[in-house]
Amino acid sequence: MTTAPDQQPDPTPPGDAPVLNVGVLGARGRMGTEVVKAVNDAQDLELVAMVDEGDWLFGLADAGTQVVVDFTRPDAVMDNIRFCIDNNIHCVVGTTGFDEDRLATIAEWLAPKPEVGVIIAPNFGIGALLLMKFAQDAARFFPSVEVVELHHPNKVDAPSGTAVRTARLIAAARRDAGMPPAPDATTDALPGARGADVDGVPVHAVRLTGLVAHQEVLMGAEGETLTLRHDSYDRASFMPGVLLAVREIGRRPGLTVGIEGLLGL
Ligand SMILES: NC(=O)C1=CN([C@@H]2O[C@H](COP(=O)(O)OP(=O)(O)OC[C@H]3O[C@@H](n4cnc5c(N)ncnc54)[C@H](O)[C@@H]3O)[C@@H](O)[C@H]2O)C=CC1
Ligand SMILES: O=C(O)C1=N[C@H](C(=O)O)C[C@H](O)C1
């Protein structure tokens, strides 16, 4: 059985066991700051490089970085991943903005480097991952389904990477079950009123001061609804998943999307 990472004791290296050298990209950002703290607090990890916009990427290689954690921006992350792969550095990526084309490009970059790992996860929060799984399981029982994601107003992308992945997983489950499109009689709507269409699933994005990261999946059948909701109130909620990926990536060369497999989900 796989135990949730926040229930596991933080492994302390016995005696002189080597620590893992970690570099953080986007180190001055909201998530980067939290990762720096989490790595500094972990006895088996050594923070060797903090890099942000305008800094020299070679600082990562020069510092002997073995694993990079990237929380930057969708428009910057591909160059960062390319650099890491070229320099034989494993890369744990939380930055959003990945589509099939981007994933295929990364797989091509990795082909001549079979020992290097890249983990790309739209969400490292255990509760958020469970919500995605529950939504996938429930999707085939409800004719109607919509996703609402709610975030802080400084977020640059919409809908969130998590919401896009959730909608795609739900859509795949519905397809596998042979379900027809959700009923919707709308013929007259203001642009955006019905949300973004992600594989046939409407996804609505809310930006509100006071929020961090939240998601609801609403499902409806005749006479009943089911609402699944997850709330990240603090960015610390993502850290057990990030640290798990950092510790595991050396054993997972190639491209991994999502950390569900690392958790046995
Ligand atoms: N996978 C997950 O669990 C989570 C993912 N995210 C995603 O992480 C990303 C970052 O989110 P936040 O930390 O809130 O954003 P932020 O804007 O606070 O931080 C981004 C940081 O990256 C830096 N940066 C920009 N371009 C760079 C470059 N080329 N090289 C190095 N640093 C660069 C910025 O200066 C900034 O300090 C977003 O895509 C967000 O959606 C956020 C929370 C959780
Ligand atoms: O920008 C954020 O804050 C978050 N981004 C990720 C996403 O887009 O899914 C993960 C989480 O929702 C927080």
Side-chain angles (χ1 to χ4, degrees), residues 5-6 23-38 49-60 65 68-84 89 91-99 102 118-132 135 147-169 196 198 203-217 229-246 256-260 262-263:
D6 54 353
V24 179
L25 265 167
R28 288 197 293 271
R30 285 175 289 270
M31 283 298 289
T33 308
E34 199 67 41
V35 175
V36 164
K37 235 189 296 169
M50 293 169 58
V51 176
D52 206 281
E53 194 165 18
D55 296 338
W56 211 42
L57 281 177
F58 279 100
L60 291 165
T65 304
V68 153
V69 179
D70 185 301
F71 282 98
T72 57
R73 295 170 65 109
D75 59 357
V77 66
M78 288 300 277
D79 287 347
N80 295 341
I81 294 172
R82 181 78 211 239
F83 174 88
C84 289
I89 300 172
C91 202
V92 172
V93 181
T95 308
T96 48
F98 288 91
D99 55 16
R102 280 188 167 205
V118 174
I119 295 179
I120 294 178
N123 204 307
F124 286 97
I126 308 306
L129 297 176
L130 288 171
L131 184 153
M132 281 191 241
V147 176
V148 184
E149 57 94 331
L150 310 91
H151 281 83
H152 59 92
N154 298 313
K155 186 167 176 57
V156 295
D157 55 319
S160 71
T162 306
V164 171
R165 183 160 162 88
T166 305
R168 292 205 170 121
L169 293 171
V198 179
V203 179
H204 310 269
V206 176
R207 296 291 173 266
L208 209 69
T209 301
L211 295 182
V212 177
H214 316 258
Q215 175 161 279
E216 281 189 4
V217 176
R229 180 172 172 117
H230 173 258
D231 300 277
S232 274
Y233 299 109
D234 190 306
R235 291 180 179 83
S237 61
F238 302 111
M239 292 308 116
V242 171
L243 295 187
L244 174 68
V246 167
T256 303
V257 178
I259 60 162
E260 289 86 343
L262 282 64
L263 290 161

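One-based numbering, in listed order, for ligands and for the atoms of each.
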Pairs of nitrogen or oxygen atoms, one from ligand 2 and one from the protein, closer than 3.5 Å: please tabulate them with distances.
| residue | atom | partner | partner atom | Å |
| --- | --- | --- | --- | --- |
| ligand 2 | 1 (O) | K155 | NZ | 2.9 |
| ligand 2 | 3 (O) | H152 | NE2 | 2.9 |
| ligand 2 | 5 (N) | K155 | NZ | 3.1 |
| ligand 2 | 8 (O) | K155 | NZ | 2.6 |
| ligand 2 | 8 (O) | G161 | N | 2.9 |
| ligand 2 | 9 (O) | G161 | N | 3.2 |
| ligand 2 | 9 (O) | T162 | N | 2.7 |
| ligand 2 | 9 (O) | T162 | OG1 | 2.5 |
| ligand 2 | 12 (O) | H151 | NE2 | 2.6 |

For [atom], which of [options] has the closest heavy atom?
atom: atom 10 (C) of ligand 1; options: V35, T72, T95; value: T72
atom: atom 14 (O) of ligand 1; options: R73, M78, R30, E34; value: R30
atom: atom 2 (C) of ligand 1; options: A245, P74, P122; value: P122

I want to check something: taking the side chain as every heavy atom from C-beta on, are [X] and [Y] in contact at a cut-off of under 4.5 Å?
X: L244; Y: L263; value: yes
X: H152; Y: H214; value: no
X: V148; Y: V206; value: yes
X: V69; Y: V246; value: yes
X: E34; Y: F238; value: no
X: N80; Y: L57; value: yes
X: I119; Y: L262; value: yes
X: R30; Y: N154; value: yes

**OP:** Quick one: list whatever passes ring-ring contact (aromatic ring centres under 6.0 Å, His included) with F98, sequence neighbours left out.
**Re:** none
Taking only heavy atoms of [X], which atoms of ligand 1 are found under 4.0 Å from at least one of them?
X: K155; result: 41 (O)
X: T96; result: 38 (C), 39 (O), 41 (O)
X: F124; result: 1 (N), 2 (C), 3 (O)
X: M31; result: 13 (O), 42 (C), 43 (C), 44 (C)
X: N123; result: 1 (N), 2 (C), 3 (O)
X: R28; result: 37 (O)

What is the closest protein heavy atom to [atom], and at what distance does it sit?
atom: atom 1 (N) of ligand 1; value: A121 O, 2.9 Å
atom: atom 32 (N) of ligand 1; value: E53 N, 3.1 Å
atom: atom 8 (O) of ligand 1; value: F71 CD2, 3.3 Å
atom: atom 37 (O) of ligand 1; value: D52 OD2, 2.8 Å
atom: atom 26 (N) of ligand 1; value: A76 CB, 3.8 Å
atom: atom 5 (C) of ligand 1; value: G94 O, 3.0 Å

Original post:
Quick check: does G29 get an N/O under 3.5 Å from an N/O on ligand 1?
Top reply: yes
Original post:
What is the distance from atom CG of N123 to atom CZ of R165, rounded to the nearest 0.5 Å?
Top reply: 10.0 Å
Original post:
Got a second to check how far K155's NZ is from S160's OG, nearest 0.5 Å?
Top reply: 5.5 Å
Original post:
Should G125 be listed as contacting ligand 1, given a heavy-atom distance under 4.0 Å as the test?
Top reply: no
Original post:
Looking only at heavy atoms, is any part of A213 under 4.0 Å from ligand 1, and if so is it the side chain, the backbone, or both, or is it neither?
Top reply: neither
Original post:
Should the heavy atoms of other residues, nucleotides or ligands under 6.0 Å from CZ of R102 be counted, would the total exceed 12?
Top reply: yes
Original post:
Among T65, L60, V35, which residue meets the side chain to side chain contact (heavy atoms under 4.5 Å, CB included) test with L25?
Top reply: L60
Original post:
Going through the distances and angles, do E149 and T162 end up as a side chain to side chain donor-acceptor pair (under 3.5 Å)?
Top reply: CA-CA 8 Å; E149 57 94 331; T162 306; over 6 Å; no
**OP:** Output yes when a side-chain donor or acceptor of T72 lies under 3.5 Å from a complementary backbone atom of G26, and no otherwise.
**Re:** no
